[in-house]
2 protein chains.
Amino acid sequence: MSTTTAYERQVREAGLRVTRPRVAVLAAVHEHPHLDTEEILGLARADLGAVSHQAVYDVLRALTTAGLLRRIEPEGSPARYETRVGDNHHHLVCRSCGTIVDVDCTVGAAPCLTASDDHGFVIDEAEVVFWGLCPTCQAAHASTTSRPHGGNTRV
Amino acid sequence: MSTTTAYERQVREAGLRVTRPRVAVLAAVHEHPHLDTEEILGLARADLGAVSHQAVYDVLRALTTAGLLRRIEPEGSPARYETRVGDNHHHLVCRSCGTIVDVDCTVGAAPCLTASDDHGFVIDEAEVVFWGLCPTCQAAHASTTSRPHGGNTRV
DNA sequence: CCGCCAAACTGGAACGAGTCAAGTTTCGCG
DNA sequence: CGCGAAACTTGACTCGTTCCAGTTTGGCGG
């Protein structure tokens with residue numbers, strides 16, 4: 001087993017120092033996408049024994065600005081991170097349990113990308129979030145409540 | 001001038017009691033879309049003289065769940081509200097100053113709505129956020145920095 | 001191979017947005 | 001016009017995140 005993992009290399013190539021917390025965090029996020037900061041902290045601690053709260057926040061920010069991580073932040077949820085960067089993919093979030101899964105935007109070229117009127121803005125990214133119920137929660141809700149959510153279902 | 005404004009009617013028709021804070025908040029949001037809670041609180045106070053922090057939070061939640069308001073929450077920003085509900089429109093956010101403007105999604109029927117693979121989810125909404133630079137900030141940045149943001153521009 | 005210094009980490013305090021809880025006021029139906 | 005539920009007030013508190021001051025450490029120049 002090489003101690004010089006691909007993660008170390010990635011960190012180094014991003015122009016950042018290679019430190020244990022950084023590698024641990026990068027590995028954790030890579031293996032478990034969409035975790036929030038606290039969960040990442042947990043994994044990092046399991047890996048290293050002890051890391052400070054702060055170190056993880058610093059590392060996440062450093063890796064994010066270096067482009068190794070992408071930060072996502074669905075409404076009502078703390079920040080989450082993933083290693084899929086630079087590819088065109090979006091997210092599907094369960095309204096009930098908060099589970100997030102990746103989805104690729106099929107429709108050929110980025111659809112809905114060109115706003116009807118850009119108001120003079122220079123648009124550099126279109127972010128899409130799909131809201132719904134995951135299979136598990138569908139089952140759970142079907143048996144208990146009939147309809148948990150109100151109208152406003154238009155898209 | 002009728003004291004029984006359209007706002008009052010709206011509140012009543014939503015099955016909610018008509019109270020001063022509610023009408024004031026609804027009016028404020030209607031006249032100034034995309035304000036955050038604190039700004040709404042300010043307007044409500046200007047209107048009523050005194051309202052508690054809590055009342056505004058309660059009212060915003062009540063009106064939101066009643067479907068009179070829509071809550072939006074761009075990353076890194078506190079919650080904001082608008083009265084355009086039920087129509088298919090999205091938002092354009094300036095990375096630099098945070099300004100938000102509404103955009104209608106041209107492309108006929110909701111595009112990008114169908115994820116390539118829905119993972120078994122029942123999708124009820126697709127939310128689109130366009131990120132970019134508003135005209136004002138473009139000018140400002142052009143004179144100071146050449147390029148404020150990194151890569152990850154794909155969509 | 002050593003020492004230096006910026007970058008990275010530690011611990012703890014602070015902050016802003018939002019929520020909770022207990023008690024008082026007020027809307028509006030009967 | 002009176003009563004009960006809904007709405008409001010005050011104030012404490014939680015949670016995620018950031019700030020700060022001081023210590024440690026990676027890795028390059030000597």
Side-chain angles (χ1 to χ4, degrees), chain A residues 3-5 7-26 28-29 34-45 47-66 68-69 71-81 98, chain B residues 3-5 7-26 28 34-42 44-45 47-66 68-69 71-81 98:
Chain A
T3 339
T4 307
T5 64
Y7 299 132
E8 289 188 26
R9 194 148 21 82
Q10 266 193 284
V11 174
R12 194 182 312 277
E13 282 168 6
L16 296 172
R17 286 199 194 166
V18 178
T19 65
R20 307 277 224 49
R22 286 179 175 186
V23 175
V25 165
L26 186 54
V29 175
H34 311 141
L35 291 189
D36 64 32
T37 311
E38 199 189 332
E39 291 164 330
I40 294 170
L41 177 57
L43 287 181
R45 286 200 168 137
D47 190 355
L48 303 174
V51 213
S52 73
H53 200 68
Q54 190 53 26
V56 172
Y57 273 94
D58 281 352
V59 168
L60 287 172
R61 186 163 16 168
L63 296 182
T64 302
T65 56
L68 296 184
L69 293 183
R71 175 188 173 118
I72 58 181
E73 197 177 322
E75 305 193 6
S77 159
R80 293 167 181 279
Y81 296 84
Chain B
T3 338
T4 306
T5 64
Y7 300 132
E8 288 189 27
R9 196 149 18 84
Q10 267 193 286
V11 173
R12 194 181 314 274
E13 282 168 7
L16 296 172
R17 286 199 194 168
V18 177
T19 65
R20 305 276 224 53
R22 287 179 173 185
V23 175
V25 165
L26 185 54
H34 311 142
L35 290 190
D36 64 31
T37 311
E38 199 189 332
E39 292 165 331
I40 294 170
L41 177 58
R45 286 199 167 135
D47 190 356
L48 304 175
V51 214
S52 71
H53 198 70
Q54 190 54 24
V56 172
Y57 273 93
D58 280 351
V59 168
L60 286 172
R61 188 164 13 172
L63 296 182
T64 301
T65 57
L68 296 184
L69 293 183
R71 174 189 173 115
I72 59 182
E73 196 177 323
E75 305 193 5
S77 158
R80 293 167 180 280
Y81 296 84

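Only this structure's heavy atoms are used, side chains among them; waters, hydrogens and symmetry mates stay out. Below, read A as the first sequence line, B as the second, and so on, with proteins coming before strands; counting in each chain starts at 1.
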Measure from [atom1] on [X] to [atom2] on [N] and round the result to the nearest Å.
X       : N      : atom1 : atom2 : answer
A:Glu73 : D:dC15 : CD    : P     : 18 Å
B:Asp58 : C:dT25 : CG    : P     : 18 Å
A:Leu41 : D:dT17 : CG    : C1'   : 13 Å
B:Ile40 : C:dG18 : CD1   : C1'   : 14 Å
A:Arg17 : C:dA8  : CZ    : P     : 6 Å
A:Arg12 : C:dA8  : CZ    : P     : 13 Å
A:Ile72 : D:dG16 : CD1   : P     : 16 Å
A:Leu60 : C:dA8  : CG    : P     : 14 Å

### Query
Got a donor-acceptor contact below 3.5 angstrom from the B:Arg22 side chain to the B:Arg17 backbone?
yes
### Task
Please confirm whether the backbone N or O of B:Asp36 pairs with a side-chain atom of B:Glu39, one donor and one acceptor, at under 3.5 Å?
yes
### Query
Given that A:Pro21 and B:Pro78 both sit by DNA chain C, which one's nearest nucleotide is further toward the 5' end?
A:Pro21
## Note on the structure
Assert: residue with more 5' nearest nucleotide on DNA chain C, out of B:Thr37 and A:Arg22, is A:Arg22
### Message
If the cut-off is 4.0 Å, is B:Thr19 near the phosphate of D:dA6, judged by side-chain N/O to OP1 or OP2?
### Response
no
### Task
Select base, sugar-phosphate, or nothing to describe what B:Ala62 touches, counting heavy atoms under 4.0 Å on all strands.
nothing
### Task
Scan B:Ser52 against the nucleic acid and name what it touches under 4.0 Å (heavy atoms): base, sugar-phosphate only, or nothing.
base
### Task
Would you indicate whether A:Glu38, at its atom CD, is surrounded by more than 12 heavy atoms from other residues, nucleotides or ligands within a distance under 6.0 Å?
no
### Task
Using a 4.5 Å cut-off on heavy atoms from C-beta on, say whether the side chain of B:Leu60 contacts that of B:Val56.
yes
### Query
Would a 4.5 Å heavy-atom cut-off, applied to side chains only, mark A:Val23 and A:Asp47 as touching?
no
Please tabulate the protein-to-nucleotide N/O contacts below 3.5 Å involving nucleotides 18-24 of chain D, giving atom names and distances.
from	atom 1	to	atom 2	distance (Å)
D:dC19	N4	A:Gln54	OE1	2.7
D:dC19	N4	A:Gln54	NE2	3.4

### Summary
One should read off an interatomic distance between B:Asp58 CG and B:Thr19 OG1, to the nearest 0.5 angstrom, of 10.0 Å
## Note on the structure
Output for pair (B:Thr65 OG1, B:Leu63 CG), nearest 0.5 Å, gives 8.0 Å
